[in-house]
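What follows is a set of notes on a single structure, which appears directly below.
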Amino acid sequence: MTRTDTSSDTDADVIVVGAGPIGLTTACALRHHGVSCLLLEQRTETKAYSRANNLWARPQELLAGIGLRDALAENAYPVRTINFFVDGTPTTPIPIADVASPYPEVLYSGQDVIERTLTSAFAARGGRLDRGCTVTGLVEDEAGVTVTVRRGGEGPEERRRARYLVAADGARSTIRPLVGLDFTPERFARCMNRQVDARLSWRRSMEPDQLWFFYYERGFAGIMPVWGGYHRLFFLADDTGVPDRDPTLDEIQALAREVTGDDTLALSDPQWLTHSRFEYGVSPGYARGRVFLAGDAGHLSLPIGGQGMNAGLHDAVEIAWRLAMTLRGEAAPVVLDSYDGERGGEHARLSAQQARGFRWTVYRGPVTDTVLGLAARALPNLGSLLQGTDDMQQMKVAYPKSSLNEDRLSGLTSLLRSGPRPGERAPDAEVTAGREATTLFRFLANPDGRTTGWALLGFDGRTASARDTLRAAVAAVAPWPWVRPRLVLAGPLVADVDVPVLSDLDGKAHGAYGLEGRPALVLVRPDGHIAFRGEAGRTDHLVAYCRRVFGPGAGGDAAPADAREEPVLIE
């Protein structure tokens with residue numbers, strides 16, 4: 001039975017502030033893990049128009065692990081190709097869906113659609129959403145966090161209390177400065193973005209399965225689908241001679257015709273027209289005591305590759321499983337502490353990458369444009385280079401310095417065929433389960449369908465002698481029932497084990513992990529990142545890791561009664 005109440009002195013185990021896409025995802029993830037959650041939002045309704053609107057492959061994997069991806073995909077357009085033009089000359093199209101993921105197609109929807117879908121999911125999971133209240137104060141103590149909220153401009157103050165708080169209240173976060181994590185953003189001078197969501201008619205394809213980007217004199221433009229038969233057009237450019245106001249539809253249409261070279265292009269029925277200037281920056285930390293930042297509350301993101309909301313989705317998933325394990329008494333302090341270094345470090349890296357791409361995109365001179373024009377037909381990956389990264393799908397997001405990492409594989413074999421290391425995303429691979437073709441991801445992400453389980457992969461290395469050591473590894477993790485063993489066998493079957501057995505006779509899984517001919521243990525976190533690698537015969541290394549990260553396990557200190565709750569089963 002799912003518990004929806006909490007201890008008498010708190011309103012919820014976790015308060016999430018902000019019901020945009022990141023706050024809603026955080027709240028849904030917490031409920032998925034069985035954590036009582038109160039979501040506070042200043043707005044009384046969802047946004048009536050779209051801002052962030054795309055979902056890349058890696059965030060889709062994370063959303064699938066908490067049972068949200070398919071519902072979002074139902075109201076989204078799958079995009080497979082990106083077209084780039086430099087001063088009217090086409091570059092080689094980028095097959096954006098050419099990535100090794102179960103969800104290679106980029107999904108384009110709308111923030112309003114995403115918010116409505118996630119709001120419904122949160123309600124279905126028993127979540128509590130309180131709209132129309134503004135956080136005005138925050139006090140933290142050793143046992144929890146108390147926030148003061150006010151309804152309306154002159155309403156009475158009320159207090160809400162939880163054991164932890166996640167701030168997902170956007171770039172103008174009220175929580176961030178209250179906990180000493182504010183920052184001064186940097187602004188790009190002489191640059192303006194003008195944008196419209198409207199119905200589009202032009203000579204190119206009207207199917208919502210492609211994106212178009214145009215580099216033109218003093219600027220960069222994009223055309224992309226928005227849910228409901230609309231398209232978004234944006235123009236980042238030098239602001240010389242441009243009125244500092246929202247553009248008119250006629251102004252945007254005239255500019256679009258010039259940039260795209262299509263004098264038949266027509267725009268109608270605009271949902272919104274806007275203009276903006278760009279600032280960027282990252283908070284000096286993503287955690288302070290019992291308060292954590294997620295999404296725009298911790299960073300100001302630039303419009304390069306639509307990375308901002310997607311990076312925030314990582315935050316949402318990452319903080320949720322850590323809080324759930326901590327509240328259930330399944331984690332040592334290092335688990336929750338690791339969020340700050342991992343996500344804060346990743347946002348700093350992404351911000352620097354975006355700033356480089358933005359400068360290259362917007363502050364181009366005639367020499368650069370000439371070089372780009374000459375290279376447009378010669379460099380098949382020119383478009384990805386111009387964006388500052390070849391990893392717009394966020395498949396390479398990794399935490400190489402995480403305090404959760406431990407690598408016990410060593411020697412010449414590891415140097416020659418290292419495979420993915422701790423901190424990196426665990427790759428998928430074809431395997432067979434019970435004579436049925438399947439993939440590792442089915443047994444990695446969300447390994448039992450409902451909890452914060454960690455997946456322990458036991459590779460036999462095509463070595464018959466590994467059978468006894470793999471049985472020993474399965475027994476060794478029994479004190480930590482959230483560690484779910486799976487045996488990946490390229491050699492003979494292992495009998496008398498009550499865990500999934502995955503056949504890998506073709507060696508595809510062993511090859512993906514660099515373990516052909518080498519029995520090994522690989523422990524994968526709930527987010528699909530590798531945490532530990534070790535020799536299959538050294539279960540003592542695995543046990544020591546589990547004690548460091550999870551605590552003593554069965555027979556040790558029990559979790560507090562009010563921290564236990566049955567997880568939400570996602571069918």
Side-chain angles (χ1 to χ4, degrees), residues 57-58 61-62 64-65 98-104 395-396 398 405-411 413-449 453-474 477 483-495 497-539 542:
R58 180 60 179 140
E61 294 177 358
L62 296 172
D98 187 19
V99 294
S101 170
Y103 313 107
M395 298 292 288
K396 297 179 183 177
N405 293 351
E406 188 169 323
D407 196 351
R408 291 285 189 162
L409 288 184
S410 60
T413 302
S414 292
L415 293 175
L416 296 177
R417 193 170 57 247
S418 64
R421 297 180 179 276
E424 297 179 15
R425 167 184 172 272
D428 199 7
E430 294 179 15
V431 291
T432 302
R435 301 187 183 278
E436 177 186 351
T438 184
T439 71
L440 280 180
F441 265 21
R442 175 182 166 190
F443 300 89
L444 284 183
N446 198 12
D448 65 0
W454 294 50
L456 176 64
L457 301 179
F459 291 86
D460 69 352
R462 209 178 296 274
T463 304
S465 60
R467 286 178 291 183
D468 291 339
T469 59
L470 293 181
R471 288 193 189 95
V474 171
V477 296
V483 177
R484 316 289 185 175
R486 288 91 171 77
L487 302 188
V488 185
L489 307 180
L493 291 175
V494 175
V497 288
D498 188 21
V499 300
V501 175
L502 310 176
S503 293
D504 186 36
L505 292 177
D506 294 333
K508 294 179 180 178
H510 280 72
Y513 285 77
L515 297 174
E516 184 66 44
R518 188 171 199 187
L521 303 172
V522 177
L523 185 60
V524 182
R525 304 170 0 173
D527 57 4
H529 287 267
I530 295 172
F532 168 91
R533 298 193 312 174
E535 302 287 349
R538 295 300 305 269
T539 56
L542 174 63

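Note that the structure is a prediction, hence the values are computed from the model and not measured. All values below come from the heavy atoms of this structure, side chains included, with hydrogens, waters and symmetry mates left out.
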Taking atom CG of L502 and atom OG1 of T432, what is their separation to the nearest 0.5 Å?
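Here the rounded value is 9.0 Å.
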Mind checking the OG1-CZ spacing from T539 to R471? Nearest 0.5 Å is all I need.
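With rounding to 0.5 Å, OG1 (T539) is 14.5 Å from CZ (R471).
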I need the minimum non-hydrogen distance between [X] and [Y], along with the two atoms involved.
X: G461; Y: H510; value: N-NE2, 3.0 Å
X: R462; Y: L505; value: NH1-O, 3.1 Å
X: W454; Y: P526; value: NE1-CD, 3.4 Å
X: A512; Y: P420; value: O-CD, 3.3 Å
X: S465; Y: T463; value: OG-CG2, 2.9 Å
X: T469; Y: G537; value: CG2-CA, 4.0 Å

Does [X] have any side-chain hydrogen bond (donor to acceptor under 3.5 Å, both in side chains) partners at least two apart in sequence or in another chain, and if so, which?
X: D428; result: T439
X: D407; result: R421, R533
X: S101; result: E61

What I'd like to find out is whether the side chain of [X] reaches to under 4.5 Å of the side chain of [Y], using heavy atoms alone.
X: L521; Y: L470; answer: yes
X: L493; Y: S503; answer: yes
X: V522; Y: L515; answer: yes
X: R538; Y: L542; answer: no
X: F443; Y: L457; answer: no

What residues form a side chain to side chain contact (heavy atoms under 4.5 Å, CB included) with E406, not counting sequence neighbours?
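E406 satisfies side chain to side chain contact (heavy atoms under 4.5 Å, CB included) with R408, F532, Y545, R548 once adjacent residues are dropped.
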Can you list the residues that meet the side chain to side chain contact (heavy atoms under 4.5 Å, CB included) rule with A509, with sequence neighbours excluded?
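With neighbours one apart ignored, the set is A429, V431, L440, F459, V488, D504.
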Applying side-chain contact (heavy atoms from CB on, under 4.5 Å) between P485 and each of V497, L523, V474, report the one that passes.
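Answer after filtering V497, L523, V474: V474.
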Does the side chain to side chain contact (heavy atoms under 4.5 Å, CB included) test come out yes or no for R425 and R58, once each step is laid out?
CA-CA 9 Å; R425 167 184 172 272; R58 180 60 179 140; 3.9 Å; yes
So, R467 side chain and V494 main chain: donor-acceptor pair closer than 3.5 Å or not?
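Judged by distance alone, no pair lies under 3.5 Å.
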Does D527 reach the main-chain N or O of H529 with its side chain, forming a donor-acceptor pair under 3.5 Å?
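Yes; at least one donor-acceptor contact below 3.5 Å.
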From CA spacing to verdict: salt bridge (Lys or Arg N to Asp or Glu O under 4.0 Å), R518, E535
CA-CA 8 Å; R518 188 171 199 187; E535 302 287 349; 2.5 Å; yes
Checking D460 now: which residues fulfil salt bridge (Lys or Arg N to Asp or Glu O under 4.0 Å) with it, not counting sequence neighbours?
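If we apply the salt bridge (Lys or Arg N to Asp or Glu O under 4.0 Å) test to D460, skipping adjacent residues, there are no hits.
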